[in-house]
Amino acid sequence: MKTPLVLCLAAVLSALSLAAADSPAVRYFSAAGNDSADGLTPATAWKSLEKLAKDLPTGGEARLRRGDVFYGGVRLRPGLDKDRRTVLTAYGEGPAPEVCAYKIARRDPSVWVPTGTNCLWRIDLGDDKSYGGNRMTSSGNVGFIRVDGRIYGRKFFSAWGRPLERQWDFIDDRRFVTVWSERNPAEMAKEIAFAPQMSVVPFRNHIEIRGVTIRGTGAHGSNGIGRDIRISDCTFCEIGGSHLIGHGNGTTRYGNGVECWAGSTDVQVSRCTFEEIYDVGFTMQGRSPSRSWEDTHVTDCTFRRCTQAFELWATGCRPGIGLRRCSFQRNRCTDTARGWAYEVRPDKTNATPLLMYRMETEICDVLVKDNVFVNSRGALIYKAGGLSALPETYRIEDNLVAGPPSAPLAYCLGGACSAAEADREKRIRAANRFVSDLREFDAR
């Protein structure tokens, strides 16, 4: 007969066993790790993002060591459900770990080949002997070049018929990048990094991204279609500028921090920082969608030096398809369109925190409330088709807007607002607070 103590101990061990079975499978990653280790402890951490993509279990948790840089992109498996998400997060002490998409040219003059034209040098980003850093993509469709920490974004296109003309101007053919440089580029800088076209963390259902920095892509930080997505305490920076092939006039560039495609639902982005982004910090967009955007909320984030902060774009929606229960609240947007991207982009009119292109849907249940907008280069709102086309259910209220009193509320094609636009502007001004003196804002 078993004693009560033995029975009690057995019960405890059984409970611990069940708890272990229900807990996520945790794997540790370190820049000094080893992919041949088991990844189960910080001392036996894995090293690469390729290993993460291959072997992190569904519903598992990848912990990146703080202070480390991990080159490439993160490919998470979908989680099991809202209680068992697949997680990307951090461990240890120090600054947030970085997931970095930069390809970094070797500090070797031989990787740069003179083209025979004065001051033009070429590097092969399809040859991994030419660079270090991100080896998870062969793309040479570069958004910008970062040289010793400074971004250079003057990308040229052959259709322009214009020669490169100043230091770090560049052109690419999706593999080779040609740069204007007074001397061999390897002699001009300590570090030359290229932002290739790459979605760094694609959406999956039931995932969580927490406490990491995503940097250095010419495309998007995180994007796609998904449900039950949590992104918190992250930084998205130095993003965008790659060629959006097959779009517009053939020279369109793009790149967003977080991009939700139609059909995404229950996407929560909170306490994140978005900065130095070619296009938008956060966007919801789609063409001819079969499903709505639902329950998507951006809260308590900072948007700094992005060309736009928050965008909506929905075209060709069937009846019943649209944006439902979405919001942008308690965010701080500063220095909109005062970063590297504004200087190199051809379209200057949409330099605005709140951007809206075509809205071909009857459902636009979106609340923009309790945000702070400071020192935007352009108007607060850009709406394709004019301010009068802004859906009435797109509510802009209780926000604080700080800037020159002469600044227009919205960009109007032709420079003159219609009577309907003037009425909508009057109502928006009445629903929000506008201050001209930044000291008044700081005292808030």
Side-chain angles (χ1 to χ4, degrees), residues 31-32 67-73 95 98-198 200 213 215-219 237-243 251 253 255 275-278 305 339-345:
D68 286 357
V69 178
F70 300 86
Y71 287 98
E98 285 192 15
V99 178
C100 184
Y102 281 126
K103 294 184 174 188
I104 302 174
R106 287 175 48 211
R107 290 194 65 186
D108 180 352
S110 70
V111 305
W112 294 94
V113 178
T115 67
T117 302
N118 285 345
C119 299
L120 296 186
W121 301 81
R122 188 177 72 179
I123 187 171
D124 184 357
L125 292 189
D127 180 359
D128 61 12
K129 298 183 184 65
S130 298
Y131 64 89
N134 177 12
R135 299 180 183 274
M136 292 180 69
T137 177
S138 60
S139 174
N141 181 355
V142 170
F144 59 88
I145 303 173
R146 192 181 72 166
V147 181
D148 291 339
R150 179 178 176 183
I151 292 177
Y152 293 85
R154 277 172 49 99
K155 177 169 181 162
F156 283 55
F157 294 89
S158 57
W160 291 354
R162 291 168 44 200
L164 281 60
E165 56 191 13
R166 68 175 73 162
Q167 188 68 43
W168 309 118
D169 285 358
F170 69 96
I171 189 171
D172 64 60
D173 64 1
R174 307 182 207 172
R175 173 169 178 169
F176 294 97
V177 179
T178 300
V179 172
W180 195 103
S181 182
E182 293 180 359
R183 303 191 307 277
N184 187 305
E187 300 171 356
M188 297 289 291
K190 294 180 180 179
E191 182 182 85
I192 303 172
F194 302 90
Q197 182 185 39
M198 182 184 203
V200 182
T213 293
R215 183 192 304 272
T217 174
C237 59
E238 300 173 12
I239 287 173
S242 284
H243 181 200
T251 62
R253 299 169 70 179
E275 58 186 353
E276 299 290 3
I277 295 175
Y278 185 84
R305 293 169 63 86
W340 69 274
Y342 179 83
E343 302 303 327
V344 301
R345 59 188 299 130

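Side chains are part of it too, since the values below use all heavy atoms of this structure and drop only hydrogens, waters and symmetry mates. The model shown is predicted, which means the values in this text are computed figures rather than measured ones.
Using a cut-off of 4.0 Å between Lys/Arg side-chain N and Asp/Glu carboxylate O, E238 and R215 are scored as salt-bridged. Ion pairing of D124 with K129 is absent here, as no side-chain N (NZ or NE/NH1/NH2) approaches a carboxylate O to less than 4.0 Å.
Classification of the W168-Y152 ring pair by plane angle, with boundaries at 30° and 60°, yields tilted.
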I'd like a table of donor-acceptor pairs (distance under 3.5 Å, sequence neighbours excluded) in which one partner is a side-chain atom from residues 111-120, with atom names and distances.
residue, atom, partner, partner atom, Å
T115, OG1, T117, N, 3.2
T115, OG1, L120, O, 3.4

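No hydrogens or angles considered: nothing links the side chains of Q197 and T217 as a donor-acceptor pair under 3.5 Å. A donor-acceptor contact under 3.5 angstrom links the side chains of D108 and S110, judged on distance only.
Of the candidates R150, R146, R106, R146 is the only one forming a salt bridge (Lys or Arg N to Asp or Glu O under 4.0 Å) with E191.
Summarising the geometry of C100 relative to V69, their closest heavy-atom pair is CB-CG1, 3.8 Å, with the distance given to 0.1 Å. Scanning both residues, L125 and V142, for their nearest heavy atoms gives CD1-CG2, 3.8 Å. Taking both residues in full, the closest heavy atoms of W121 and P185 are given as CG-CD, 3.5 Å, listed atom of the first, atom of the second, then distance. Shown here for I192 and A189, the closest heavy-atom pair between the two residues is CG1-CB, 4.0 Å. Minimum heavy-atom separation, F194 to A105: CE1-CB, 3.9 Å. A219 and I239 make their closest contact through O-CG2, 3.2 Å (heavy atoms, listed as atom of the first residue, atom of the second, distance).
Between I145 and K155, every side-chain heavy-atom pair lies at or beyond the 4.5 Å cut-off. W180 is listed as a side-chain neighbour of Q167, based on a closest heavy-atom distance under 4.5 Å. At least one side-chain heavy atom of T137 sits less than 4.5 Å from a side-chain heavy atom of K103. Looking at V179 and I123, their side chains never come closer than 4.5 Å, going by heavy atoms from C-beta outward.
To the nearest 0.5 Å, atoms CG (D173) and CZ (R122) are separated by 8.0 Å. In this structure, CD on E98 lies 6.5 Å from SG on C237, to the nearest 0.5 angstrom. Within the model, atoms CG of D172 and CZ of F157 stand 7.5 Å from one another, a figure rounded to the nearest 0.5 Å. Taken from CZ in R107 to CD in E187, the straight-line distance is 11.0 Å, to the nearest 0.5 Å.
Between the side chain of R345 and the backbone N or O of Y278, at least one donor-acceptor pair lies under 3.5 Å.
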Check step by step if side chain to side chain contact (heavy atoms under 4.5 Å, CB included) holds for V344 and F144. CA-CA 10 Å; V344 301; F144 59 88; over 6 Å; no

Step by step, would you call K190 with D148 a salt bridge (Lys or Arg N to Asp or Glu O under 4.0 Å)? CA-CA 6 Å; K190 294 180 180 179; D148 291 339; over 6 Å; no

Test log, rule side chain to side chain contact (heavy atoms under 4.5 Å, CB included), inputs V147 and M188: CA-CA 9 Å; V147 181; M188 297 289 291; over 6 Å; no

Let's go through E276 and W340 carefully: what are the C-alpha distance in whole Å and the side-chain angles of both, what is the deciding distance for side chain to side chain contact (heavy atoms under 4.5 Å, CB included) to 0.1 Å, and is it a yes or a no? CA-CA 7 Å; E276 299 290 3; W340 69 274; 3.1 Å; yes

Side chain to side chain contact (heavy atoms under 4.5 Å, CB included) assessment of S242 paired with R253: CA-CA 5 Å; S242 284; R253 299 169 70 179; over 6 Å; no

